[in-house]
Chemist: 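Before anything else, here's the structure in question.
Side chains are part of it too, since the values below use all heavy atoms of this structure and drop only hydrogens, waters and symmetry mates. Since the structure is predicted, the reported quantities are computational estimates derived from the model, not experimental observations. Quick note on labels: first sequence line is chain A, next is B, and so on, each numbered from 1.
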2 protein chains.
Amino acid sequence: MKIQRGRPLHKDRHVYSAGEEFKSVFAVRSGSIKSYTVSNDGQEQVTGFHLPGEIFGMDGIAHNHYTNSALAMETAAVCEIPFSKLQDLSIAIPSLQRHFFQLMSKEITNDQQLITLLSKNSAEERVATLLLSISNRNLRRQLSGTRFRLPMSRADIGNYLGLTVETVSRVFGRFQKQDMLKVDKKEIEVLDFDKLRALAN
Amino acid sequence: MKIQRGRPLHKDRHVYSAGEEFKSVFAVRSGSIKSYTVSNDGQEQVTGFHLPGEIFGMDGIAHNHYTNSALAMETAAVCEIPFSKLQDLSIAIPSLQRHFFQLMSKEITNDQQLITLLSKNSAEERVATLLLSISNRNLRRQLSGTRFRLPMSRADIGNYLGLTVETVSRVFGRFQKQDMLKVDKKEIEVLDFDKLRALAN
DNA sequence: CCATTAAGATGACCTAGATCAATATCATCG
DNA sequence: CGATGATATTGATCTAGGTCATCTTAATGG
């Protein structure tokens, strides 16, 4: 498959912007990417964080244009995977088609979990869930699940979880006071995993 | 394509339940269906309402098992569309594959809009958005966009929108007081469409 | 290397919507 | 058809998280 081996992307550079013609999906090679939409009244909604090894950009398929924008939260590298090639290939290799369906379906499942989180859980539960998710994704990348660096700002966390920065800050504060977490700026250390899991449920 | 022409489904009967093996997606023929998940702590989250002409059941593709349950909110009829046939066919007919990708991608876009709604909008804005969505979907079915019957209960509306029944009730009350809506139980009449659209944005 | 700006933390206060409770209305079935 | 349980409305009160304001710390650049 022809894959564009992307040059490094600097912090705050867009991989693509909402409205652009959809041509490709992308794989994160290094660094981290956030997806977000801008609603018609101008406010930003962060829809996802993408870590190395993860695929993003599938939101563009429906309308032939991306509905999200995607930008590097830190210096990053991405692989471009042209969708047309993918379609041709997936006709020749049915398992690839299936794989791709699964990726999209997984995205749906993820979004629905976020919907539940937003409509049913408290600020603490939301933050705990995000931390656990990042921890798990780090584990899958052979990294530590207990000590890691958050690639995103407090503002991005708040935006993603439907909370204000202040609330995110306070929740981190409470988590530290309970000796569940050690927080040093973006550096996180999980001290009590059971408690975190219990909160995230 | 072999399509199961479903016998009528009675109110509160499941089309499928979470955990069942994924075999098919479904099209609503008449009546209305709600999808919901049950989170590990037992609470229900309504993830979507499906009206005649709409497709549901795509959440099962990722894990070969449905993650949602789907049940009839009133007497309904659905068509079963076996996914294996769909896959075979979509290899022969690339446009069908594309069409199916689009359906899934649309689902992603929908979910992301709901995420924004839940994390950024007030109770009134949420309810207005749902009403407008149902109105629009009725229009596409050649039905009135101004007078229609809500197929779902207040509890389902609240659950879907991350609000309590009481709040939903009060919002309907306020909408009536403002002469924007006429509400008689589940029967809705939109009196001021501009105001509704403004709220829904 | 300091200046400027952005990011984060913390406190005081307020409000939208939750919770609790009482009542009213509807649907269903024996 | 009247009784019973589900569904909806309405009111009184409470609270999680928002808002606003201040202060601290960390990046960035000239």
Side-chain angles (χ1 to χ4, degrees), chain A residues 10-13 32 34 43-46 71-75 116-131 149-178 181-188 199, chain B residues 10-13 31-32 34 43-46 71-75 117-131 149-178 181-188 199:
Chain A
H10 284 259
K11 185 168 160 31
D12 290 330
R13 292 316 258 284
S32 51
K34 77 167 172 180
Q43 63 194 345
E44 184 178 318
Q45 170 69 47
V46 175
L71 73 69
M73 294 189 293
E74 57 191 325
T75 303
T116 304
L117 194 68
L118 290 173
S119 84
K120 300 283 184 302
N121 293 101
S122 68
E124 295 200 353
E125 290 165 338
R126 294 184 209 183
V127 174
T129 302
L130 176 62
L131 289 174
R149 183 184 166 75
L150 294 175
M152 72 292 280
S153 68
R154 299 288 190 270
D156 284 336
I157 294 176
N159 187 308
Y160 178 69
L161 295 176
L163 302 169
T164 57
V165 241
E166 292 94 327
T167 299
V168 174
S169 230
R170 280 185 252 267
V171 168
F172 275 127
R174 270 177 264 156
F175 282 175
Q176 286 192 91
K177 207 166 296 169
Q178 299 169 222
L181 236 60
K182 204 172 155 305
V183 182
D184 175 22
K185 184 81 180 135
K186 299 194 168 174
E187 219 61 53
I188 301 288
L199 264 175
Chain B
H10 284 258
K11 185 167 159 38
D12 290 331
R13 293 316 258 283
S32 51
K34 77 166 172 180
Q43 61 193 346
E44 184 177 318
Q45 169 69 47
V46 175
L71 72 69
M73 294 190 292
E74 58 191 325
T75 304
L117 194 68
L118 290 174
S119 84
K120 301 283 185 302
N121 294 100
S122 68
E124 295 199 353
E125 290 165 339
R126 294 183 209 182
V127 174
T129 302
L130 176 61
L131 289 174
R149 182 183 166 74
L150 294 175
M152 73 291 281
S153 68
R154 299 288 190 271
D156 284 336
I157 294 177
N159 187 307
Y160 178 69
L161 296 175
L163 302 169
T164 57
V165 242
E166 293 94 326
T167 299
V168 174
S169 227
R170 280 185 251 267
V171 168
F172 276 128
R174 270 177 265 157
F175 282 175
Q176 285 191 91
K177 206 168 296 171
Q178 298 169 224
L181 238 57
K182 204 173 155 308
V183 182
D184 174 22
K185 182 85 178 128
K186 298 193 167 174
E187 219 59 55
I188 301 289
L199 265 176

Chemist: Return the minimal non-hydrogen interatomic distance between B/Ser119 and A/Gln45, and the atom names on each side.
Modeler: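 Smallest interatomic distance, heavy atoms only, reads OG-OE1, 2.5 Å.
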Chemist: In terms of side-chain heavy atoms of A/Lys185, which of D/dT19, D/dG17, C/dA7 is nearest?
Modeler: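 Ranking D/dT19, D/dG17, C/dA7 by closest atom to the A/Lys185 side chain puts C/dA7 first.
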Chemist: Could you check whether A/Arg149 pairs with A/Glu187 (Lys NZ or Arg NE/NH1/NH2 to Asp/Glu carboxylate O, under 4.0 Å)?
Modeler: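 So A/Arg149 pairs with A/Glu187 through a salt bridge.
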Chemist: Between D/dG17 atom P and A/Leu118 atom CG, what is the distance in whole Å?
Modeler: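 Checked: the CG to P distance equals 12 Å.
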Chemist: So if I take every side-chain heavy atom of A/Lys11 and compare against D/dA8, C/dA12, D/dT28, which nucleotide ends up nearest?
Modeler: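 Side chain of A/Lys11 sits closest to D/dT28.
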Chemist: Tell me the interatomic distance from A/Gln176, atom CD, to C/dG8, atom C1', rounded to whole angstroms.
Modeler: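 Interatomic distance, CD of A/Gln176 to C1' of C/dG8: 12 Å.
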Chemist: Considering only side-chain heavy atoms of B/Ser169, which listed nucleotide, D/dT9, C/dG17, C/dG11, is closest?
Modeler: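 The answer is D/dT9, which lies nearest to the side chain.
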Chemist: Quick one: A/Glu187 CD to D/dA26 P, roughly how many Å, whole number?
Modeler: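 A/Glu187 atom CD is separated from D/dA26 atom P by 13 Å.
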Chemist: For B/Glu166 and for A/Leu163, locate the closest nucleotide of DNA chain D by heavy-atom distance; then report the residue assigned to the nucleotide nearer the 5' terminus.
Modeler: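 Upstream on the strand: B/Glu166.
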Chemist: Between P on D/dG17 and CG on A/Leu117, what's the gap in Å once rounded to a whole number?
Modeler: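 About 12 Å, once rounded to whole Å.
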Chemist: Classify the nucleic acid contact of B/Gly158 as base, sugar-phosphate or nothing, counting any heavy atom under 4.0 Å across all strands shown.
Modeler: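 No contact.
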Chemist: Please confirm whether any donor atom in the side chain of A/Arg126 sits under 3.5 Å from an acceptor in the base of D/dG17, or the reverse.
Modeler: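 Donor-acceptor pair under 3.5 Å: no.
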Chemist: Between A/Lys34 and A/Glu44, does any NZ, NE, NH1 or NH2 come within less than 4.0 Å of an OD or OE carboxylate oxygen?
Modeler: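 Judged by the 4.0 Å cut-off on N to carboxylate O distance, A/Glu44 and A/Lys34 do form a salt bridge.
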Chemist: Could you work out which one of C/dT28, D/dT9, D/dG17 sits closest to the side chain of A/Thr167?
Modeler: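 Of the options given, the side chain of A/Thr167 lies nearest D/dG17.
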Chemist: Establish, with yes or no, whether the OP1 or OP2 oxygen of C/dA18 is under 4.0 angstrom from a side-chain nitrogen or oxygen of B/Thr164.
Modeler: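 Answer is yes, contact under 4.0 Å.
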Chemist: Nearest-Å distance, CG (B/Asn159) to P (D/dT7)?
Modeler: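 The answer, rounded to whole Å, is 13 Å.
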Chemist: What is the distance, rounded to the nearest whole Å, between atom CG of B/Asp184 and atom P of D/dT7?
Modeler: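 It works out to 18 Å between those atoms.
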Chemist: A/Arg174 CZ to C/dG8 C1': how many Å, rounded?
Modeler: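 Rounded to whole Å, this separation is 16 Å.
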Chemist: Taking CZ from A/Arg170 and C1' from D/dG18, how many angstroms apart are they, rounded to a whole number?
Modeler: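 Interatomic distance, CZ of A/Arg170 to C1' of D/dG18: 9 Å.
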Chemist: Distance-only, no hydrogens or angles: does the A/Arg154 side chain make a donor-acceptor pair with backbone N or O of A/Lys185 under 3.5 Å?
Modeler: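 Side chain of A/Arg154 to backbone of A/Lys185, a donor-acceptor pair under 3.5 Å: yes, one is there.
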Chemist: Answer yes or no: are there more than 12 heavy-atom neighbours, outside B/Arg13 itself, under 6.0 Å from its atom CZ?
Modeler: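 Open.
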Chemist: Does the D/dT10 base have a donor-acceptor partner in the side chain of B/Arg154 within less than 3.5 Å?
Modeler: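 Such a pair does not exist between side chain and base.
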Chemist: Across the strands shown, which category fits A/Ser153 at heavy-atom distances under 4.0 angstrom: base, sugar-phosphate, nothing?
Modeler: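 Result for A/Ser153 = sugar-phosphate.
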